[in-house]
Visitor: 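Got a structure for you, written out below as structure tokens; questions coming shortly.
Source: prediction; values computed, not measured.
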Amino acid sequence: MKFGKRLKQHVEETLPGWRDMYLNYKDLKKLVRLISSSLEYGKSEAEFVYLLNNEIDKFNVFFMEQEEDFIIRHKELQQRIKRVNESEPSSQEEYEEEMARIRKDIVDFHGEMVLLVNYSNINYTGMAKILKKYDKRTGGLLRLPFIQKVLEQPFFTTELVSKLVKECETIIDELFPTTVVAVETKEAAITMVGEGIFKNTVAALMTMKEIRKGSSTQSHFSLPALSLPDTELIRSFQLNSPIPTI
């Protein structure tokens, strides 16, 4: 599948509030075609760079807002777990109900963070591809300096979010039996096919794996191949995926 179609499919499958935050690949691709046939090359290049910079600003603002929210939510989840473990519940049933709510919130939280890592990956990939098209059609040399700029942007720096993702997986593995997680994730797959964070997370994982798989066309601008962590949570996402993993 070509990148433009893959991006369009992913945007349709992501959270509704995120859809306008992705790279405007279609319009940038049209502009590249216009520039390659334009007589006012300098003016057209300036417009192209201006639009790319606007896209980067959009990515950064959105990414940093989400990252800040994730840090707060991560601390709140840790505090909830601590309170439950340190307090005396009125009954075993009350304890199990609260732990079930926490488990669901952690899985949802994990899913949103996977979506944000994918947001970074897919927008970087789109930038690299549109710059490659630009250089190829115009004979310009924008890609290398612009990608070097992109690599320094907040939206490309996913180390903190990736760390939170791993911590969530550790919490799931330590606090909840893997059999329970597998059963509940399977139930989630049945009840949430076609909607919700579960479907969006599966789509994000498959998209990341696709755009980061090794191929003969890879260059030093490509993201490294993705190796998904071997956790019960990730295995359940893959095994119960309602989306074809082609």
Side-chain angles (χ1 to χ4, degrees), residues 1-11 14-15 18-36 41-71 112-165 204-205 207-227:
M1 185 188 297
K2 289 190 175 182
F3 178 79
K5 290 184 178 178
R6 187 182 301 125
L7 175 60
K8 182 175 182 291
Q9 178 183 328
H10 175 74
V11 170
T14 197
L15 300 173
W18 292 35
R19 288 173 187 163
D20 293 335
M21 299 296 111
Y22 284 85
L23 180 70
N24 195 345
Y25 187 79
K26 185 177 180 181
D27 285 353
L28 287 167
K29 192 175 174 182
K30 285 179 183 176
L31 183 56
V32 168
R33 285 198 293 266
L34 288 173
I35 291 172
S36 63
Y41 175 75
K43 182 180 177 182
S44 299
E45 179 176 291
E47 181 185 356
F48 181 68
V49 171
Y50 175 77
L51 290 176
L52 284 179
N53 282 324
N54 281 348
E55 291 293 279
I56 288 177
D57 289 342
K58 176 178 72 177
F59 302 156
N60 285 338
V61 169
F62 179 74
F63 186 91
M64 289 189 291
E65 286 177 352
Q66 295 300 315
E67 190 175 58
E68 184 177 346
D69 178 60
F70 290 161
I71 292 169
E112 288 182 50
M113 290 191 293
V114 168
L115 288 178
L116 191 64
V117 174
N118 181 61
Y119 174 83
S120 171
N121 288 184
I122 204 165
N123 284 313
Y124 167 82
T125 301
M127 279 276 182
K129 287 185 177 293
I130 204 68
L131 285 161
K132 180 180 179 182
K133 286 182 185 294
Y134 177 88
D135 283 2
K136 184 177 179 180
R137 282 181 170 268
T138 67
L141 296 171
L142 269 183
R143 182 162 66 148
L144 179 57
F146 212 92
I147 286 297
Q148 287 174 335
K149 175 183 176 179
V150 168
L151 296 179
E152 298 172 354
Q153 301 303 310
F155 88 89
F156 185 77
T157 310
T158 60
E159 284 83 357
L160 176 59
V161 178
S162 297
K163 179 174 176 286
L164 294 178
V165 167
L205 286 168
T207 299
M208 279 195 286
K209 192 170 184 179
E210 179 65 21
I211 66 176
R212 295 179 62 173
K213 69 181 180 181
S215 74
S216 58
T217 60
Q218 281 210 324
S219 72
H220 58 283
F221 295 110
S222 303
L223 291 164
L226 177 68
S227 177

Visitor: Mind checking side chain to side chain contact (heavy atoms under 4.5 Å, CB included) for S162 and listing every partner two or more places apart, or none if nothing turns up?
Guide: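 Side chain to side chain contact (heavy atoms under 4.5 Å, CB included) check on S162 returns V117, T158.
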
Visitor: For M127 and F59, which heavy atoms make the closest approach, and how far apart are they?
Guide: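 Distance-wise, the nearest heavy atoms are CE-CE1, 3.7 Å.
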
Visitor: Hey, does the side chain of S120 reach the backbone of F155 with a donor-acceptor pair shorter than 3.5 angstrom?
Guide: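 It does hold such a pair.
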
Visitor: Let me confirm one number: the CZ-OG1 distance from F3 to T125, rounded to the nearest 0.5 Å.
Guide: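 Here the interatomic distance stands at 5.5 Å.
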
Visitor: To check you understand the geometry: which heavy-atom pair defines the closest contact between F146 and V49, and what is its length?
Guide: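 Of all heavy-atom pairs spanning F146 and V49, the closest is CE1-CG1, 4.1 Å.
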
Visitor: Can you tell me how far NZ of K2 sits from NZ of K8, rounded to the nearest 0.5 angstrom?
Guide: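 With rounding to 0.5 Å, NZ (K8) is 15.5 Å from NZ (K2).
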
Visitor: Answer yes or no: does atom NZ of K133 have more than 12 heavy-atom neighbours from other residues, nucleotides or ligands under 6.0 Å?
Guide: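 Not more than 12 within 6.0 Å, no.
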
Visitor: What pairs of donor and acceptor atoms, side-chain ones from residues 21-35 against any protein atom, are under 3.5 angstrom apart with sequence neighbours left out?
Guide:
unit_1: Y22; atom_1: OH; unit_2: H10; atom_2: NE2; d: 3.0
unit_1: N24; atom_1: ND2; unit_2: D27; atom_2: OD2; d: 3.0

Visitor: Given the rule in the side-chain contact (heavy atoms from CB on, under 4.5 Å) test, do F62 and L116 qualify, once you have shown the distances and angles that lead to the verdict?
Guide: CA-CA 10 Å; F62 179 74; L116 191 64; 4.2 Å; yes

Visitor: For R143 versus A128, what's the shortest heavy-atom pair and its separation?
Guide: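 In terms of heavy atoms, the two residues are closest at CD-O, 3.8 Å.
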
Visitor: For the pair N123 (side chain) and Y119 (backbone), establish whether a donor and an acceptor sit closer than 3.5 Å, ignoring hydrogens and angles.
Guide: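 A pair under 3.5 Å: yes.
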
Visitor: Output the distance between atom CG (N53) and atom CZ (F48), rounded to the nearest 0.5 Å.
Guide: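 Nearest 0.5 Å value for the CG-CZ distance: 10.5 Å.
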
Visitor: How long is the gap from OH on Y124 to NZ on K129, to the nearest 0.5 Å?
Guide: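 With rounding to 0.5 Å, OH (Y124) is 10.5 Å from NZ (K129).
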
Visitor: Just so I know, are the side chains of V161 and F63 near enough to count as touching, which here means a heavy-atom distance under 4.5 Å?
Guide: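 Side-chain contact under 4.5 Å: yes.
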
Visitor: Under a 4.5 Å cut-off applied to non-hydrogen side-chain atoms, are L52 and L131 in contact?
Guide: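 Side chain of L52 against side chain of L131, heavy atoms only: contact under 4.5 Å found.
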
Visitor: Hey, does the side chain of Q153 reach the backbone of K149 with a donor-acceptor pair shorter than 3.5 angstrom?
Guide: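 Answer holds: yes.
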
Visitor: Answer yes or no: is there a side-chain heavy-atom contact under 4.5 Å between K58 and E55?
Guide: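 Side chain of K58 against side chain of E55, heavy atoms only: contact under 4.5 Å found.
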
Visitor: Drop me the distance from L115's CG to I122's CD1, to the nearest 0.5 angstrom.
Guide: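 Here the rounded value is 11.0 Å.
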
Visitor: If I compare all heavy atoms of D135 with all of L141, which pair ends up nearest, and what's the gap?
Guide: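 Where D135 meets L141 most closely, the heavy atoms are OD1-N, 3.6 Å.
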
Visitor: Going from CG on L142 to CD1 on I130, what distance comes out if it is rounded to the nearest 0.5 angstrom?
Guide: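 Nearest 0.5 Å value for the CG-CD1 distance: 11.5 Å.
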
Visitor: Using distance alone, with no hydrogens and no angle criterion, decide if Y134 and E45 have a side-chain donor and acceptor under 3.5 Å apart.
Guide: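 Looking only at side-chain atoms, E45 and Y134 do form a donor-acceptor pair, the distance falling under 3.5 Å.
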
